[in-house]
Undergrad: 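The structure's right below; bear with me while I get my questions together.
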Amino acid sequence: KRPPASILFIFGGSGDLNYRKLTPALYNLFLDEWMPDQFAIVGIGRTEYSDEKYRGHLQEGLDKFSRRKAETDSHYQEFFQHVNYLQLDAGDIASYQRIADYVCKKEEEWGVHPNVIFYLAVAPQLVPSIAQELGTLNLCKEKNTTRIVIEKPFGHDLESAHELNDLLTGLFAEEQIFRIDHYLGKETVQNILALRFANALFEPVWNRHYIDHIQITAAESVGLEGRGGYYEHSGALRDMVQNHILQLMCMVAMEAPVSFDANEIRNKKVDVLNAIRPLKKEDVHEYAVRGQYGAGWMKGKQVTGYREEKGVNPQSPTETYAAVKFFIDNWRWQGVPFYVRTGKLMHQKSTHITIQFKDAPTFAFPSEAAESWRSNRLTISIQPEMDIRIRFQAKRPGQTMSLDPVNMTFTYDNSDDHTPEAYETLLLDVMEGDATLFMRADQVESAWKVIMPILETWENRHPVDFPNYVPDSWGPEDADALIARDGHAWINLP
Ligand code: BG6
């Protein structure tokens, strides 16, 4: 079923996110016949564009970034009939009336009151003032149909996130606010819930009695991609751990939901965040490692070090790699370490979760039968591979009793273009008013609470050994030591 009639106003309409992600996602929804019968997309920006020029600009983006390519030009034409541009200075209060006028016009034309969605794809410092102006429009009092979508970063620390929440919840009802974490829109991330809660097989062993430890890796092979100005004030912990990685951890660790109601799922996730053992500042060095890449080579190409990147301070203490060991203090997870890591310019792009099960309680085979008993492992690959592997011991064919670990793999077919992109799923959910895959105010703040001791410790103690890893590697040696102290090693997928 398609969502009801909708108007999407995209602040930052001439910006990069819209060009690369939002318009391509909306276009794919259109081709897949998921867009409402009546819809309008209005880019809002300061740049001067005619509708025609604006459409031409976005079409370039579609050629480059769309999952599905236009088979004929008529698809583009049909889609772009729904796209307009509104030049508007976000600081000019009077111009917001033009938004309300646009909605009235469409309402008359369509004969229904549409969903009105304000997507703020703008620099974080502009969010409060835009939200405030929007809040003055009568439109925004319509709780069931008007929504506001906020991109990350959601605050810079706990205090600023709290302030932003205060401001937004003063203007909008919580069910009108959609805070994006695009990882939650990924197919393979949603599949974690299916794996865990649609099968009876895994639940009995999904706890401290059977699981030795869990690893979450979000390694990127790209560097800053020209975002030095933003990244320099963020760093890996804020950019990836506070949001994406902690969300993955919630999906893996949460209790079974009673229903798929948005608040039920989010309650269960927030329980995980609240149960993460708070780190004491004096212990941070034992539980967290940071890294920054220097100059080097990446797949045969020379790359500059982080400190030489545009927009970066030549003595920058900003981390481009972070690894943390967490514990979750509840009955299910007591004593099970969760090792998480993320970094830029790593050897390969790979986001995956590994559940390492405990060893068999006793091993009756001759000792020469197997090199290691540590065989039982479940790996959920989020990207670029999209699969789930179970590793177990099997007999090697032959006259001797020799064992080898083997993999049983389920793979999503990622060779064609059928898998929707995260933004497609999330935009569709916004039009449908389903907030399950979005962050609630308390989730965001709880996630900040988890990382604050690390942030504050790192901010007060400048790293002396930066840069401490080379491009095309798996990060700093200290990160290997962090996990080796517990007798483990990071698992890199082949
Ligand atoms: C974004 C971060 O939220 O996620 C980027 O700001 C990062 O720095 C990106 O590259 C990773 O997303 P994905 O979907 O490519 O894993």
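Just follow the structure's listing: the first ligand is 1, and inside any ligand the first atom is 1. Because the structure is a prediction, the values reported are computed rather than measured. All values below come from the heavy atoms of this structure, side chains included, with hydrogens, waters and symmetry mates left out.
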Undergrad: Of all the heavy-atom pairs spanning Lys1 and Trp34, show the shortest one and how long it is.
TA: O-CZ3, 3.4 Å
Undergrad: Are the aromatic rings of His182 and His244 close, with centres under 6.0 Å apart?
TA: yes
Undergrad: State whether the side chain of Tyr54 and the backbone N or O of Gly13 hold a donor-acceptor pair below 3.5 Å, judged by distance alone.
TA: yes
Undergrad: Aromatic ring centroids of Phe338 and Phe326 under 6.0 Å?
TA: no
Undergrad: May I ask you to establish whether Lys325 and Tyr287 are in a cation-pi arrangement, using a distance under 6.0 Å from NZ or CZ to the six-membered ring centre and at most 45° from the ring axis?
TA: yes
Undergrad: Parallel, tilted or perpendicular: which fits the ring planes of Tyr76 and Phe80, with parallel below 30° and perpendicular above 60°?
TA: tilted
Undergrad: Under 3.5 Å, N/O to N/O: give me all the pairs between ligand 1 and the protein, one per line with atom names and distance.
TA:
unit_1   : atom_1 : unit_2 : atom_2 : d
ligand 1 : 3 (O)  : Lys152 : NZ     : 2.9
ligand 1 : 3 (O)  : His244 : NE2    : 2.7
ligand 1 : 6 (O)  : Lys152 : NZ     : 2.9
ligand 1 : 6 (O)  : Arg227 : NH2    : 2.8
ligand 1 : 6 (O)  : Asp239 : OD1    : 2.6
ligand 1 : 6 (O)  : Asp239 : OD2    : 3.4
ligand 1 : 8 (O)  : Arg227 : NH1    : 2.9
ligand 1 : 8 (O)  : Asp239 : OD2    : 2.6
ligand 1 : 8 (O)  : Lys344 : NZ     : 2.7
ligand 1 : 10 (O) : Glu220 : OE1    : 2.5
ligand 1 : 10 (O) : Glu220 : OE2    : 3.3
ligand 1 : 10 (O) : Lys344 : NZ     : 3.1
ligand 1 : 12 (O) : His182 : NE2    : 3.2
ligand 1 : 14 (O) : His182 : NE2    : 2.8
ligand 1 : 14 (O) : Lys186 : NZ     : 2.6
ligand 1 : 15 (O) : Lys349 : NZ     : 3.2
ligand 1 : 16 (O) : Tyr183 : OH     : 2.4
ligand 1 : 16 (O) : Gln383 : NE2    : 2.6

